[in-house]
Structures are given as structure tokens and as C-alpha cells.
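The next block holds one structure in the form of C-alpha cells; read it before the comments.
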Number of protein chains: 2
Amino acid sequence: MPSKPAKPRTMFGIRDPKAPQTPTASIEEVARLAGVSTATVSRVINNVPNKASQATRERVLRAVEALSYLPSRAGRALRQKRSHIVGVLAPDLGNAYHALISGSIERALREQGLVMVLANTGEDPDLQDAMLQEMRALQVFGIVMLGAVESPELQHGLKSNEPLVFVNRRCPYDVPARHVGIDNVLAASEVAEYLFARHHRGAWIFHAPLKSSASRDRVTSFQRKFQELAGADCPLPEIVVSTRRRDSAYQLARQHISAETPPRAIFCTTDEIAYGVARHCLEIGLSLPQDVTIFGFDGNPMNEFLAPWLSTVRSPYELFGPAVVGALGAFYDEGEASRPLDTILPFEIILSNGLHTTRTSSTTGAYVK
Amino acid sequence: MPSKPAKPRTMFGIRDPKAPQTPTASIEEVARLAGVSTATVSRVINNVPNKASQATRERVLRAVEALSYLPSRAGRALRQKRSHIVGVLAPDLGNAYHALISGSIERALREQGLVMVLANTGEDPDLQDAMLQEMRALQVFGIVMLGAVESPELQHGLKSNEPLVFVNRRCPYDVPARHVGIDNVLAASEVAEYLFARHHRGAWIFHAPLKSSASRDRVTSFQRKFQELAGADCPLPEIVVSTRRRDSAYQLARQHISAETPPRAIFCTTDEIAYGVARHCLEIGLSLPQDVTIFGFDGNPMNEFLAPWLSTVRSPYELFGPAVVGALGAFYDEGEASRPLDTILPFEIILSNGLHTTRTSSTTGAYVK
DNA sequence: CGATTAAGGGTAATCGATTACCCTCGTCAA
DNA sequence: TTGACGAGGGTAATCGATTACCCTTAATCG
């Protein structure tokens, strides 16, 4: 076995750095000041019932205050074999959709006294694996997979019943797993209905590779509904964009869309794709949405200002955080244990007339299954 | 002293939940399997020189592999009084600027084997204080303040020499502190030069309240340069937007900008503000940038697609992560200790002709001072 | 009145790493 | 030949919390 090239694990090349330390009070000192044992301090802090009299409790809290004591997370985690950290693995913070959902999750976690570790995985299975291992080493309270891809460690995590919650995209493996998202099938079908009702008898579809359940649901449901309404032979050409969505969509639009015979309706499976397509359409002098109706997916709040010509399906960003917290709770709380695996959030269809948009609540709201 | 209302600190209302545990191997088991002491295992793992023969090293690494051992972060942190976590406190992930910089920081940290805890503070001093305390309890490796506001705990952290790095906005207190950002003074002055060169003899300024050094630098430098070029009596009306930037800018633009006598040039201290202003301009039928030249600040990559009419100062997002890591290193690495407090990154001026943009490198590049 | 039981609180084990300190060999120079 | 020194490695203390277990006291119940 060849020796490994001694990759140093230490930070910045030196061991035991001159660590700027803030010597903070320990539970020991609090106990001494309050005149009780550390056990009692711990119990007071953690509100263990029937383990401290009112008087003791107050003495302890006074000492905590006086020393501005903060329990060491490391000590606690070591003993409990569990930290109060929740890992969020997202493909890319540069994508507004992921950033907004991460923000919502962070707020909801904070209200539970949890903190969020956030990692960009770039949809790379190796990176995802590395971060999943990191989460295991941190003994996290939960792991939120925002856009999971298939990877060995994910499979392993599912087997060992790790507290995983899949957001938006479902678990890539066919096993029962907790999930939070909107009903993409219903949403895409409503988009098809809308386009048909506006006298469109066909549409182009720009979509990402069908690796994720979200993309698949959107595309197939759109096709099914459209063909149900307009006949099985209605034109629904598909164009598949690659990873760098905006740019790729723009390039592909340049190749396929001309000013003379543009498609009258385009369905994009994300807003990002729509931005690329629309950019080209505007550059060749088409008016949106008069000449071409473009539908996106996600509902970036910025659209109202920057893309008022875009119709889209708006995700309820602000609801993701609470829903994720609820799903995580099911791993721990007896009461929540029977909660259904899927949490389906309501979406809105946002229709554009070019300058302004109108919101339409979905025909059905949120539901669980 | 009245009894506190026993706010439970436990998660989800119950103690000792049915914790889905993945029993992971400990250093003890690795040592046993390799036939050495835990001390040796630790030394091999941490690459302590001259503490293990090649043969021993290989036996240990083989055992590590066999048990797929991962060192417990809690155990390590407890002993070393320092975790490998870096806290990033950002105002709002919904803002693309903050999201992109956070993403860049995360990538750079990961390459050092560090992980990022991210928290939205919403520029709220109380929230910022709560998170600063949380970081202390986590004994973080460093704290990145992306848009800091004044708060007691921040002051305290500065006094105790906590490893703080301020990004974009400088430290709100007048003490020496590490900082990473662009030269806002230079950038704003170049914008003024550009507008003057395009025959503008005045400009409106939309800016956020001047709480942060970034806003102040941008506004005052722009004013100074413009007056230097166009005379002290050139018209430079200021309009101050409030917290919800896009909306507020839009409302204020509605109040002040009419189609009959629009300003010919508008300088906005962030892209977000520019979006709001531009939205109104487009709604009242003005052409951008033919009728009105709008300058933003930050350079959201989305602009190329959604706001090609916007000229802006582009921040080098991808450079923030490495720069922040370098600044953090100065707290630990002897070699980096003499690194200057300020890391100034280069910016680009992006000029719009309506449909396309051209990049202009700044007259001076990055520098340190 | 004796037996239970609940409340209040202390003792010490425990979690999993790192590291100060000590020990044993060789090697090598004086 | 001796002493110093470096390499290699073990022992046990230590970090800061939580919690199993035990003890005392007072109240309650039949």
C-alpha cells in the first residue's frame, strides 16, 4: 500500500495557532457561584421539571446572568451524540430559488433554536457525498437536501434512517422519504390549461435534463394535459438545456427561434431558463407577451420588476421553512411521527399581460398525502 | 425576582427524543483494530510529524478505511476549544448580492476543510447579537459580518479580539478591524466621471439610509467628483429609500419622476434600488438608457439577461471567498499575521447601450492598504 | 402509623477527541 | 564510552456538558 501524500489536515499549515480565545464561563463556575452542583445548573438551564425549587432556579439564573454564561455546544453535542445543527445541501446559492428557500429554512430553524450549516453541492455527487459525511461527523439534527442527486452516501444515509428531508426535488431513490414541495404535476397541468384557453394549440418546451422528479413532473404533466386538450398530435417540441441554465437556454433559443416563425407559446421548467429564452426573443425584436407567451416556473420575486412579461408558477418561499421544520420534527417528536411523508405546499399561477401580473390561487390549495 | 415563564429550551417539546442514531466508529475502535493507542491514531489522522512510522501509519489508515471512521467534530472541538465552523451573518439571502457572496465564501471555506453556518440577521441588532452569542457558544473558527450593524455584542467581540472579518461594509465602530470589499470611493468617482463625459451635468441620487460605510462612500464620493467636474452648483438631488429597497425605490420614483421632465441620469447605490426606479421609468414609457441613464451598484449577473439597460459597478463575487479565507487566516497563521487589515478587490464598470453591456476594468486594480 | 411516592438535589460516569508527559531505542558526536 | 537527541509510541488528564443512580425529606394514603 503506497503511503498517502501526507495531505495536511491542519488549517493554514500550522498546528495550534495563536487562537484568539475568549475565555467563557463554564457550567462549573456557574454552579460554584450559585452554590449548587453542575447537575442542578444543567437541569435549570434545560428546564427539567421537578428538579429544582423556585429559589434554586432563580439563584442559578442569576449566576448565569452574572457570568453571561453560554452552554458550550461542543460539550452538549458530545454527550448527547447530537448537535443542534441542521445541514442544508443546495446546488447553488447563486440561484435565487435556492437562496430564497435556504433563507426561509434558516429563519424557521432559528426559531427552534437550531442553526443552519449551508453547503453548495453544485449537483456534484462527490461533493454531496463529502458534505453528507461532514454532516455525519457533526452529528447534525437533520439534513435538508435541496436538489439531491444520486450518490452512495445518500443511499447509505437513507438506509441508516438519517433525518433527511428532501425539498422541491424528491428523493432520487425509490424508498420512502420525507419531502416538501409543491404539486408540480398539478401546476404544470394548470399551465397547459391556461395556454390552451388562450388559443394556443401547441407550445415549445425548454427544460433541464430530466434527472429530477421536479423536472420530470413538470414536463410530462404539461405534455399529458396539453395533448388531452389539443389532441395527441399537437406540436410540443422539446429543447433540453444543460447545466448553466440561463446561458444554455439563450444559446439554444438563438439556434431555434427566428423572428419570422417564432413559437407562439413557450413553457420553461424554471424561470432561469425563461430568462435565457426571453433574452433572445427580445433581441430579435419580438414583443413579450404579445408575440410570444413565455411561462416560467418558480416565481422569482424579482420578476415583478425585471420580468413583467413572464408568466410563472410561484413557489411559496416563505412556507418552506416551517414545512421543513415540521418534517424534521417527525423524526423526533412522538406527536409528529405519524405526519405524512409528503408535505405539499400551495402555489400561485402568475399571469402576465406585459406590464403587470395578476395572481391566481391554485385550484386546490396545499394538501398532504 | 419574578419567576421566568419557563420557556422550554428543548426541541419540539420533548426531551430525549427517539433520536435516529447512526452508531459511528470512534477513535477507540480504530485504535483497537490497528493495534495502537488512540494517541497514535490521532497523530496519524492529524499528520503530526515524527510521531508514527510508515508501517504504523498505514495500519492506522487501513483501519480508518475499514471502519469508515470520521472523527467526531464535537470531541475535537471540546478539547481544542475551537470548532471548524465559520459563521456568516448576512442581512438577507433574498438579496442576490448577499447570496452570491455567501456562496463564494462557502466554497472557499470548504476548500480549507471549514464549514459555513449562515444566518440572516435582517440588519436587526438584536438578531445580530443573538447570532453572535450563538457563534461564541459554537466556538467558531471565525465570524464573517456581511453587512454589520452596531450592536453591543459586536462591540464586545471586537474588544475580546474575536476573529471577525467585515465584508463589503466596514466595521461600524471606529476600531481597527479586518475588512474585505471593493473601493467604493473610487468606483463611485468613476461613475461620476462617466456620466459627466456623457454630457450629463447633473444626476439624481437614489440611496439607502447612510448607515453603512458602503452607502456613505458611494454617495459622498459620487457627489464630490461630480461637483469637481461640473461645478459645485450642479443639481444632485438625493432621494432616500427605506429598507424594502425595490418597493421603496419604486414608490419614490412614482412620486418624483414624471414622463414630461425626467432626470437624464440616475445614480442608485445598489442594483436593487435601480430595479425599482427603472420599473417606474419603463411604466411611464421612458426608454432606457436613451431617455434616462441609470447606474446601479453590485452588478448582479442576472442583469445581462434581465436588465441590459442598466449600467453598474460589478463586484467580483468569486474573489470574496478566497479573500475572506485569507483574512481569517491572519488570525491564526504566523505568516499571514502581518497581512494588511483591508483587502480591496477590483471592480468592473459595466456600461449599457440598451441591448448589450461592455465591461471596463477599473483604472486601478485591487490593492491593499 | 407505616408505606409510598414525589420533589429536590448531589455524585460520578460518560461522550470522543487531543495532547502533556513519560518512556524506550538507536545513532552519533565528543 | 557516554551523553544528547530524535524518532516512535503509550498513559492518562482534559475539555464541558448531560444524566443514571442514589439519597433525603415531606406529603399523602389506606
Side-chain angles (χ1 to χ4, degrees), chain A residues 9-11 14-17 19 21-32 34-60 63-64 67 69-84 136-139, chain B residues 9-11 14-17 19 21-32 34-60 63-64 67 69-84 136-139:
Chain A
R9 287 223 195 178
T10 51
M11 247 80 75
I14 60 162
R15 297 182 51 75
D16 199 357
Q21 78 266 15
T22 314
T24 164
S26 74
I27 199 172
E28 182 92 32
E29 304 170 55
V30 175
R32 190 156 39 235
V36 297
S37 72
T38 63
T40 298
V41 174
S42 174
R43 288 163 181 147
V44 169
I45 285 174
N46 294 295
N47 252 291
V48 181
N50 299 336
K51 273 307 200 178
S53 68
Q54 200 47 239
T56 308
R57 182 179 308 278
E58 283 170 15
R59 281 219 315 287
V60 169
V64 165
L67 299 173
Y69 165 71
L70 283 171
S72 154
R73 299 306 192 176
R76 201 198 286 256
L78 179 58
R79 173 63 212 239
Q80 301 195 141
K81 296 173 175 302
R82 188 151 302 281
S83 73
H84 70 314
R136 213 163 290 145
L138 279 166
Q139 294 168 110
Chain B
R9 287 223 194 179
T10 50
M11 249 78 76
I14 60 162
R15 295 182 52 76
D16 199 358
Q21 78 266 17
T22 313
T24 165
S26 75
I27 198 172
E28 183 93 32
E29 303 170 56
V30 174
R32 190 155 40 233
V36 297
S37 72
T38 64
T40 298
V41 174
S42 174
R43 287 163 181 149
V44 169
I45 285 174
N46 293 294
N47 251 290
V48 181
N50 299 335
K51 274 307 200 177
S53 67
Q54 200 47 240
T56 309
R57 183 179 307 279
E58 281 169 18
R59 281 218 317 286
V60 170
V64 165
L67 300 173
Y69 165 70
L70 283 171
S72 153
R73 299 305 192 178
R76 201 197 286 257
L78 178 58
R79 174 62 213 241
Q80 302 195 140
K81 297 174 175 301
R82 186 152 304 281
S83 73
H84 70 315
R136 212 163 291 146
L138 279 166
Q139 294 168 110

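Chain letters run A, B, ... following the sequence lines, proteins first, then strands; residues in each count from 1. Values below: all heavy atoms of this structure, side chains included; hydrogens, waters and symmetry mates excluded.
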In this structure, how many angstroms lie between the [atom2] atom of [N] and the [atom1] atom of [X], rounded?
X	N	atom1	atom2	answer
A/Leu78	D/dT18	CG	P	11 Å
A/Arg76	D/dT18	CZ	P	5 Å
A/Arg57	C/dG8	CZ	C1'	11 Å
A/Asn47	C/dG9	CG	C1'	16 Å
B/Arg82	C/dG16	CZ	C1'	19 Å
A/Arg32	D/dA17	CZ	P	12 Å
B/Arg73	D/dC15	CZ	C1'	17 Å
B/Arg59	D/dG10	CZ	C1'	13 Å

Practice problem: Among D/dG9, D/dA17, C/dG8, find the nucleotide with the atom closest to the side chain of A/Asn50. | Solution: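 For A/Asn50, the side-chain atoms sit closest to C/dG8.
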Quiz item: Can you tell which of D/dT18, C/dC21, C/dT18 lies closest to the side chain of A/Ser42?
Solution: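 Comparing D/dT18, C/dC21, C/dT18 against the side chain of A/Ser42, the answer is D/dT18.
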Is any side-chain heavy atom of [Y] closer than 4.5 Å to one of [X]?
X	Y	result
B/Thr56	B/Lys51	no
A/Glu29	A/Val41	no
A/Ile45	A/Ser42	no
B/Thr24	A/Arg136	no
B/Arg59	B/Thr40	no

Does [N] have its OP1 or OP2 closer than 4.0 Å to a side-chain nitrogen or oxygen of [X]?
X	N	value
B/Ser53	D/dG9	yes
B/Lys81	D/dG16	yes
A/Thr56	C/dG8	no
A/Thr38	C/dG10	no
B/Gln139	D/dC15	no

Over all strands shown, is [X] touching base, sugar-phosphate only, or nothing at heavy-atom distances under 4.0 angstrom?
X	value
A/Ala39	base
A/Val36	sugar-phosphate
A/Ser37	base
B/Ser72	sugar-phosphate

Quiz prompt | Earlier contact from the 5' end, DNA chain D, for A/Thr40 and B/Arg43 | solution =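 It is B/Arg43 whose nearest nucleotide is closer to the 5' end.
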Quiz item: Can you find an N or O donor on one side and an acceptor on the other, under 3.5 Å apart, linking the side chain of A/Arg79 with the base of C/dT14?
Solution: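 By the distance-only test, yes, there is a pair.
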Quiz item: Do B/Ser83 side-chain atoms and B/Leu138 backbone N/O form a donor-acceptor pair below 3.5 Å?
Solution: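 It does hold such a pair.
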Exercise. Hey, which sits more toward the 5' end of DNA chain C by its nearest nucleotide, B/Gly75 or B/Lys51?
Key: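 First, find each residue's nearest nucleotide; the 5'-ward one identifies B/Gly75.
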